[in-house]
Amino acid sequence: MRFTPQDEEFRAEVRAWLEANLAGAFAGLRGAGGPGREHERYEERLAWNRHLAAAGWTCLSWPSEFGGRGASLARQVIFHEEYARAGAPARVTIVGEELLGPTLIAFGTPEQKARFLPPIRNVIELWCQGFSEPGAGSDLASVSTRATLDGQGWVITGQKIWTSLAHVADWCFVLARTEPGSTRGQGLSYLLVPMRQPGVTVRPIRQLTGTSEFNEVFFDGARTDAAHVVGAPGDGWRVARATLALERGAAMLGLQVGFRRELRALIEVARHTGAGADPLLRDKLARAWIGLEAVRAYALDTLGGPHDGAEASVLKILWSRWHQALGELAMEVLGAPSMVAGQDEDEWQRLYLFGRAETIYGGSDEIQRNIIATRALGLPRNWTEPRNP
Ligand SMILES: Cc1cc2nc3c(=O)[nH]c(=O)nc-3n(C[C@H](O)[C@H](O)[C@H](O)COP(=O)(O)OP(=O)(O)OC[C@H]3O[C@@H](n4cnc5c(N)ncnc54)[C@H](O)[C@@H]3O)c2cc1C
């Protein structure tokens, strides 16, 4: 990926806007709400997100007819890089903006686009993703949540789990079985379900970090309009796969700029505490720096378009493993005090603890390696299947 002089002008515009606007009431938000810290200054981050929207800095990739900027991949990367470089707070709208919005643009009816896209774009309605269930995670096609049509619309019954931000979401996109007796990807539908109704119960799950970023969600006769199905009824698997493919992309490059800030901060800690004089820690810090350079180079090289369909999986493994290792390194740099809860080191503890989730969500490492094995290496899908003669 190369940035043109016009792209660099765009970079200067983003940088100047962020500098001018992360000020006043928003000045204290820098760095708020990172991984494992979603609860931090939530209301202020919501207000900041609305401020971004009013200035046209949400939904950059969406076509202009839907309120976006139709930004090229290069410009999306630039925005995310500058956003992370400025230490702007974690956005609260990512699920709607980056997962549901593009899915609706590709598969939604004109009525669905008109109803649901503007409130996402303007940060009026927040979304969560209701895919995983206790018996269907990596094997998502096993979902057993059911939905049936009665005279007034869809009636949904079942349980979802690990549903990020369900406790603040207004709506959930739910993968449900709508053809009784169907199996695997057949007979599933992609439903848009309002969260604030009597048939929906959200139960937070306390995570390693002590906070609750995700939840259990119970649907007990929950209802939604008959028209709130994306794609044809029974064709939800195709739509859900498109959503899953969106989970990786330009935002990753912003992520790595955030990682760079964390690494720099850790190097500062090593300098001040004297830990940086330890030859083994110096070696590990240098390796971390090299590793991050490699992640960025790979991301820039492959984001422009898939070659064999395995690049996103390689990148997911590279960045999640790198970030986990950074958390472990932080614990080493901080030494014994890092083991005590409730100390100043909490931010590093959270990074270390939340890192465990990064090799699970968005497809676990094993699943990514299965994808690499089949798509990039041409190995059989299942080792028990007979190989081609
Ligand atoms: C922080 C976080 C946020 C999340 N947010 C959401 C959300 O908002 N919405 C949502 O729907 N889901 C969400 N998830 C769920 C996530 O998508 C699943 O956890 C993930 O897909 C793994 O599914 P599982 O937890 O059921 O584990 P399982 O699928 O039961 O896997 C257990 C272990 O077996 C391995 N395994 C499974 N199948 C295979 C195989 N075929 N080959 C080799 N190894 C295998 C896995 O790699 C893993 O190590 C979130 C998860 C986390 C950690």
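Every number for a ligand or one of its atoms is a count from 1 in the order of the listing. What you are looking at is a predicted structure, and each value in this text was computed from that prediction instead of being measured.
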Between Glu81 and Arg296, does any NZ, NE, NH1 or NH2 come within less than 4.0 Å of an OD or OE carboxylate oxygen? yes
Other residues, nucleotides, ligands: >12 heavy atoms within 6.0 Å of Arg146 CZ: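 Open: at most 12 neighbouring heavy atoms sit under 6.0 Å from CZ of Arg146.
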Classify the ring geometry between Phe116 and His228 as parallel (under 30°), tilted (30 to 60°) or perpendicular (over 60°). perpendicular
Determine the interplanar angle of the Trp48 and Trp17 rings, folded into 0 to 90°, and report it as parallel if under 30°, tilted if 30 to 60°, perpendicular if over 60°. tilted
side-chain contact (heavy atoms from CB on, under 4.5 Å) between Thr157 and Phe219, worked out: CA-CA 5 Å; Thr157 303; Phe219 296 100; 5.6 Å; no
With a 4.5 Å limit on heavy-atom distance, are the side chains of Glu19 and Arg15 in contact? no
Could you please provide the protein residues found below 4.0 Å of ligand 1 on a heavy-atom basis, arranged by chain and number? Gln129, Phe131, Ser132, Gly137, Ser138, Trp162, Thr163, Ser164, Glu213, Phe214, Ala357, Ile360, Tyr361, Ser364, Glu366, Ile367, Asn370
